[in-house]
Amino acid sequence: MMPEILNSKLLDHGWTFKDASDDKPESWLPVSKVPSVVHLDLLDNGLIPDPFVGLNEQKVEWVSYRDWVYRTTFATPSSHSLDTRHSLVFEGLDTFALVRLNGSVILQSDNMFIPHRVDITDAVSSDPNESNVLEIVFDSPVRRGREVVKSHPEHRYIAHQTEVGRLGARKAAYHWGWDWGPILVTSGLWRPVRLETYVDRIDDLWMQSTVAEDLLSCSGTLHVRTEYPGAGRVRFELRDQETVVFEADVDVNPNGTAEARFELDNPALWYPHGYGEQRRYEFGAKLFKGQTLLHKVSKKVGFRRAELVQEKDEHGQSFYFRINNVDVFCSGSNWIPGESFLPRLTDAKYRDWLKLMVEGNQNMIRIWGGGVFEPEIFYETCDELGILVWQDFLFACASYPTYPEYLESVEQEARANVRLLRHHPSIVIYAGNNEDYQIQQTYNLTYDYETDKDPNSWLKSSFPARYIYEYLLPKVVEEECPGLPYHPSSPWGGGKHTTDPTIGDIHQWDGTHLSSLILMVLLMSIVWHGTMQPYQNLASMGGRFVSEFGMEGYPHMHTIDTFFDNLDEKYLQSLTMDFRNKARDHERRLGSYILQNFRIKQDFKSYLYLSQLAQSETMTFAYRSWRRDWGQTKNRRCGGILVWQLNDCWPTISWAVVDYFLIKKPAFYAIARASQSLAIGASRTYHEWVSGHARPPTTSRFDVWVASNRLEAVSASIEVRYISITTGKDVKPPSIFRNVEINPNGTTDILTEHLNYTEPPYTTPIVISATLTVNNSIISRDIDWPQPLKYLDLKDRGVTVEYLAEKSAISVTAAKPTKGIVFEERPGLWFEDNGFDVVPGDKRVIAVKGVEGGEVPRWTHLEADREDDSKADR
């Protein structure tokens with residue numbers, strides 16, 4: 001068969017750019033490669049300092065206030081026939097762009113998220129010896145955004161995080177700065193530009209399918225939309241690996257569409273990782289005119305039933321996902337854009353990020369509404385690895401306008417991106433926005449959910465964006481991807497207050513379970529810190545689905561070293577360190593958690609370590625206790641936990657559990673341990689001590705349980721030890737449970753016991769160490785400590801660390817219970833586990849890669865500065 005006629009050429013080289021106000025011919029500067037943004041091009045030309053170093057972010061602020069021009073040339077492609085068309089494809093223009101070809105305007109765009117295809121057949125030069133000049137003017141997004149706001153004074157603009165000018169631009173909100181990211185408002189060709197030549201082409205290829213309730217069949221319709229009507233015929237093909245399971249030849253309708261019904265028996269299904277295989281089919285279409293192949297397109301698709309289960313129960317209303325009739329507990333993360341300068345993100349780096357999800361036993365990622373719709377490689381990798389995707393539409397922390405041109409742009413943006421993404425089985429929910437209903441509550445904007453069901457009336461209210469979230473976006477999702485779950489916001493609970501833990505999803509930033517609606521409303525104006533309750537309270541702070549919560553933690557020293565340009569500034573409370581952390585009141589708030597829980601030393605490394613330990617402990621208390629609430633079928637009290645956040649967009653101090661350089665913090669491992677397919681948990685009653693008149697508790701209850709994601713019952717042995725923190729000796733014989741049947745896909749309670757601290761053997765402080773053994777191997781551990789840890793004497797732990805070269809592993813033993821052993825990480829090092837506890841008699845052997853010369857990487861543990869062992873990092 002002849003090759004397809006369509007020819008696509010990347011216009012990625014040969015570009016130049018300049019400040020639009022500079023008319024001198026010599027002002028044009030080279031662009032190394034497109035996609036790019038102006039900050040990267042200025043960096044390449046040595047005209048700005050690296051914004052990721054020192055205080056340079058401020059020194060480059062001027063860039064976003066200028067207009068910029070990009071230019072390239074290209075030859076007119078040869079034509080196959082009189083029917084040949086030429087198009088320019090702009091996958092992403094950031095943001096206010098005026099495009100000229102040979103001096104004539106061919107496109108104006110004011111939405112970063114809308115791809116454009118422009119037919120230039122009549123605009124290109126007919127002389128093959130002449131070049132075509134393509135020029136794009138990018139207006140200052142800061143100036144234009146502010147102008148849009150001023151031009152529509154009828155709306156009350158409210159924006160948390162930096163300025164309201166960001167609401168005048170359909171552009172990634174985080175570019176204006178967030179409480180974890182810099183203010184770097186970019187412009188440029190942020191996604192590829194292509195020149196395409198063709199007679200006709202497949203404009204869209206998609207499938208609408210339904211898996212039968214018994215999973216034994218799948219049926220649906222294959223669709224094609226061509227660019228021009230009546231082009232000929234389409235050959236559909238569906239392959240399972242190398243086997244063609246369906247094919248059909250269909251004439252293209254006069255309206256430019258073609259479709260074919262299909263049915264499959266016993267389809268191979270796509271499951272989240274940990275629950276089954278990620279089987280996918282190759283779905284393709286070829287467009288013919290006569291016997292000539294004009295264009296072909298193929299995609300990988302997966303068949304699965306995806307349900308969001310929201311049923312009334314004794315706790316309120318459930319919120320969890322059911323995939324292929326299997327209830328799935330979602331243990332995962334929130335994702336922010338992985339770069340301030342998005343063109344720097346490579347396919348390889350996207351894959352490395354998402355591989356960390358699987359390594360960390362996480363199965364869901366939420367793409368936050370202040371960023372972007374990610375590129376194809378992101379979702380393709382999620383499909384491949386079995387990572388469920390919660391996709392926000394791109395609205396965040398604001399009250400957005402709804403004038404007609406804005407709504408038109410939003411609808412075009414939503415349709416374009418849902419069409420691009422709808423073939424991905426990993427996407428299981430769209431949400432309308434991030435925290436915009438919290439803005440509504442904080443500012444008492446009009447919202448009558450129960451009685452006002454007229455979308456047109458919403459447009460006239462003080463909260464007109466309700467029209468977008470409850471009418472426009474769900475309509476787009478249902479029309480373009482029928483049956484896929486849609487949720488108006490995150491968080492949202494069917495008209496209830498967004499902090500109501502009995503319904504919908506919640507963002508748990510207030511740090512307390514609020515007993516009255518009035519108190520909840522008062523606290524909504526406070527961001528991540530809330531009432532700053534102890535993280536030990538997290539067991540009582542859960543909800544039906546916790547889609548955000550977190551704790552800040554410092555990255556490892558390697559990352560901190562990268563953002564100092566003045567070594568005199570390298571101390572804990574320097575301007576550089578303070579400038580780097582964008583969270584409001586970060587020193588007081590993070591410092592309070594450290595002070596409440598640990599003995600303080602003010603040297604840099606000790607404080608860094610304690611911040612990491614505070615973050616790790618927060619993850620342990622949250623994931624361990626909320627996963628316990630997964631419960632059993634018909635009693636799913638908590639359906640998932642998504643930490644804020646997985647990643648960073650620059651080297652910083654934030655809530656990320658993995659830093660900008662993909663270096664994992666101890667918190668990452670805490671999540672991984674609590675999210676194993678079989679995970680044991682142990683905890684005692686928490687006795688609050690910070691509200692005044694604190695006294696040691698006299699009694700306490702402790703529980704041991706096992707959480708399971710496995711779909712079949714497992715026989716296990718469980719040992720619970722009671723170990724003196726002072727002596728390292730067991731204060732009484734262990735509790736041993738043999739041949740325990742662990743309930744499938746749920747929680748199994750093992751032990752409840754009461755401790756009386758006024759009577760032996762509990763008069764000495766103890767840790768409770770629980771281990772889960774299957775087939776003679778310990779597969780899960782949990783160690784519960786008295787809280788707060790600062791009251792404990794943890795000197796002289798007798799820790800021994802040894803590198804086992806023959807096993808590429810590190811062994812760790814301790815004579816007494818030891819808290820938070822952390823090996824310092826850097827690029828090139830990999831640890832199987834980190835930030836873990838050790839008790840006597842339980843030798844830990846941790847696989848490691850990248851150890852140079854057999855030398856154990858630097859390590860420390862809580863109170864290691866008072867440790868007699870000279871190997872501890874002080």
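Quick caveat, the model's predicted, so the values are computed rather than measured.
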Could you tell me the separation between the NZ atom of Lys18 and the OG atom of Ser27, rounded to the nearest 0.5 Å? 6.5 Å

With distance as the sole test, does Thr559 use its side chain to make a donor-acceptor pair with the main-chain N or O of Pro555 at under 3.5 Å? no

Nearest heavy-atom approach of Leu862 to Leu610 is CD1-CD2, 3.7 Å

Show your working on salt bridge (Lys or Arg N to Asp or Glu O under 4.0 Å) between Asp796 and Lys816 and close with a plain yes or no. CA-CA 8 Å; Asp796 303 329; Lys816 300 175 185 178; 5.4 Å; no

The test is side chain to side chain contact (heavy atoms under 4.5 Å, CB included); show your working for Asp94 and Val37 and say whether it passes. CA-CA 8 Å; Asp94 180 11; Val37 291; 4.2 Å; yes

List the residues meeting salt bridge (charged side-chain N to carboxylate O under 4.0 Å, His left out) with Asp833, not counting sequence neighbours, and say none if there are none. Arg673, Arg844

Under the 3.5 angstrom rule, does the side chain of Thr652 hit a backbone N or O of Ser654 as a donor-acceptor pair? no

Whether the side chain of Gln612 engages the backbone of Tyr554 through a donor-acceptor N/O pair (distance < 3.5 Å, no angle test) should be reported. yes

If the condition is side chain to side chain donor-acceptor pair (under 3.5 Å), which residues does Trp785 pass it with, not counting sequence neighbours? Asp837

Please check this pair: side chain of Gln615 against backbone of Ala656, looking for a donor-acceptor N/O pair closer than 3.5 Å. yes

Taking only residues two or more places apart in sequence or in another chain, which ones pass ring-ring contact (aromatic ring centres under 6.0 Å, His included) with Trp176? none

Within 45 degrees of the axis of the six-membered ring of Tyr669 and under 6.0 Å from its centre: does Lys665 put its NZ or CZ there? no

Atom pair CG/CG of Asn581 and Leu590 - distance to nearest 0.5 Å: 7.5 Å

Keeping Arg797 on the side-chain end and Ala814 on the backbone end, is there a donor-acceptor pair under 3.5 Å? no

Taking it one step at a time, do Ile439 and His160 satisfy side chain to side chain contact (heavy atoms under 4.5 Å, CB included)? CA-CA 8 Å; Ile439 297 293; His160 285 190; 3.6 Å; yes

Could you check whether any side-chain N or O of Asn834 sits under 3.5 Å from a backbone N or O of Phe823, counting only pairs where one atom can act as donor and the other as acceptor? yes

Where does the angle between the aromatic ring planes of Trp368 and Trp644 fall among parallel (under 30°), tilted (30 to 60°) and perpendicular (over 60°)? perpendicular

Please work out which of the three classes, parallel, tilted or perpendicular, describes the rings of Trp650 and Phe52, given edges at 30° and 60°. perpendicular

Just jot down the salt bridge (charged side-chain N to carboxylate O under 4.0 Å, His left out) partners of Arg191, sequence neighbours excluded, or say none. none

Under the salt bridge (charged side-chain N to carboxylate O under 4.0 Å, His left out) test, residues paired with Asp561 that sit two or more places apart: Lys570

Looking at Asn334 and Val643, would you say the former's side chain and the latter's main chain have a donor-acceptor pair under 3.5 Å? yes

Mind checking ring-ring contact (aromatic ring centres under 6.0 Å, His included) for Tyr174 and listing every partner two or more places apart, or none if nothing turns up? none

Show your working on side chain to side chain donor-acceptor pair (under 3.5 Å) between Ser333 and Gln362 and close with a plain yes or no. CA-CA 8 Å; Ser333 294; Gln362 299 185 38; 2.5 Å; yes

Does Val372 form a side chain to side chain contact (heavy atoms under 4.5 Å, CB included) with Trp190? I'd like the steps, not just the answer. CA-CA 11 Å; Val372 299; Trp190 77 287; 4.1 Å; yes

If I compare all heavy atoms of Pro337 with all of Leu342, which pair ends up nearest, and what's the gap? CB-CD2, 3.9 Å

According to the salt bridge (charged side-chain N to carboxylate O under 4.0 Å, His left out) rule, which pairs have a member within residues 331-357, sequence neighbours left out? Glu339-Arg344, Arg351-Glu384

Trace of the side chain to side chain contact (heavy atoms under 4.5 Å, CB included) decision for Val839 with Thr818: CA-CA 6 Å; Val839 295; Thr818 303; over 6 Å; no

For Asp41, give me all partners under salt bridge (charged side-chain N to carboxylate O under 4.0 Å, His left out), at least two apart in sequence or on another chain. none

So, Arg366 and Glu548, do they make that salt bridge, N to O below 4.0 Å? yes

Charged N-O contact under 4.0 Å between Arg589 and Asp585: yes

Who passes side chain to side chain donor-acceptor pair (under 3.5 Å) against Tyr535, sequence neighbours left out? Asn597

One should read off an interatomic distance between Ser36 OG and Phe341 CZ, to the nearest 0.5 angstrom, of 10.0 Å

Would you sort out whether Asp44 and Ser32 count as a side chain to side chain donor-acceptor pair (under 3.5 Å), showing the intermediate values? CA-CA 8 Å; Asp44 286 344; Ser32 61; 3.1 Å; yes

List in chain and number order the residues that pass side chain to side chain donor-acceptor pair (under 3.5 Å) with Glu163, two or more places apart in sequence or in another chain; answer none if no residue qualifies. Arg146

Less than 4.5 Å apart, side chain to side chain, heavy atoms only: is that true for Leu595 and Lys790? no

Please check this pair: side chain of Ser675 against backbone of Ala672, looking for a donor-acceptor N/O pair closer than 3.5 Å. no

Quick check for you: to the nearest 0.5 Å, what is the distance between Asp842 atom CG and Arg781 atom CZ? 4.0 Å

For the aromatic rings, using the six-membered ring if either is Trp, is the centroid distance between His507 and Phe549 under 6.0 Å? no

Interatomic spacing from CZ in Phe668 to CG in Asp659 - rounded to 0.5 Å: 12.0 Å

Please give me the minimum heavy-atom distance between Ala670 and Met619, naming the atom from each residue. CB-CB, 4.0 Å

Do we get Arg580 above Phe563's six-membered ring, with its NZ or CZ under 6.0 Å from the centre and within 45° of the axis? yes

Looking at Lys849 and Glu832, is there a salt bridge between them, counting it only when a charged N and a carboxylate O are closer than 4.0 Å? no

Return the set of residues passing ring-ring contact (aromatic ring centres under 6.0 Å, His included) with Trp353 (not counting sequence neighbours), or none when no residue passes. Trp335

State, with a plain yes or no, whether a side-chain heavy atom of Lys59 is found less than 4.5 Å away from one of Ile48. no

For His556 and Leu608, indicate whether the former's side chain and the latter's backbone hold a donor-acceptor pair under 3.5 Å. no

Ser64: which residues meet the side chain to side chain donor-acceptor pair (under 3.5 Å) condition with it, sequence neighbours left out? none

Is a side-chain donor-acceptor pair under 3.5 Å present for Glu359 with Trp830? yes

What distance separates Gln161 CD from Trp180 CH2, expressed to the nearest 0.5 Å? 8.0 Å

Minimum heavy-atom separation for Asn647 and Gly338, please, with both atom names. ND2-CA, 3.6 Å

Would you say Asn45's side chain and Leu47's backbone share a donor-acceptor pair under 3.5 angstrom? no

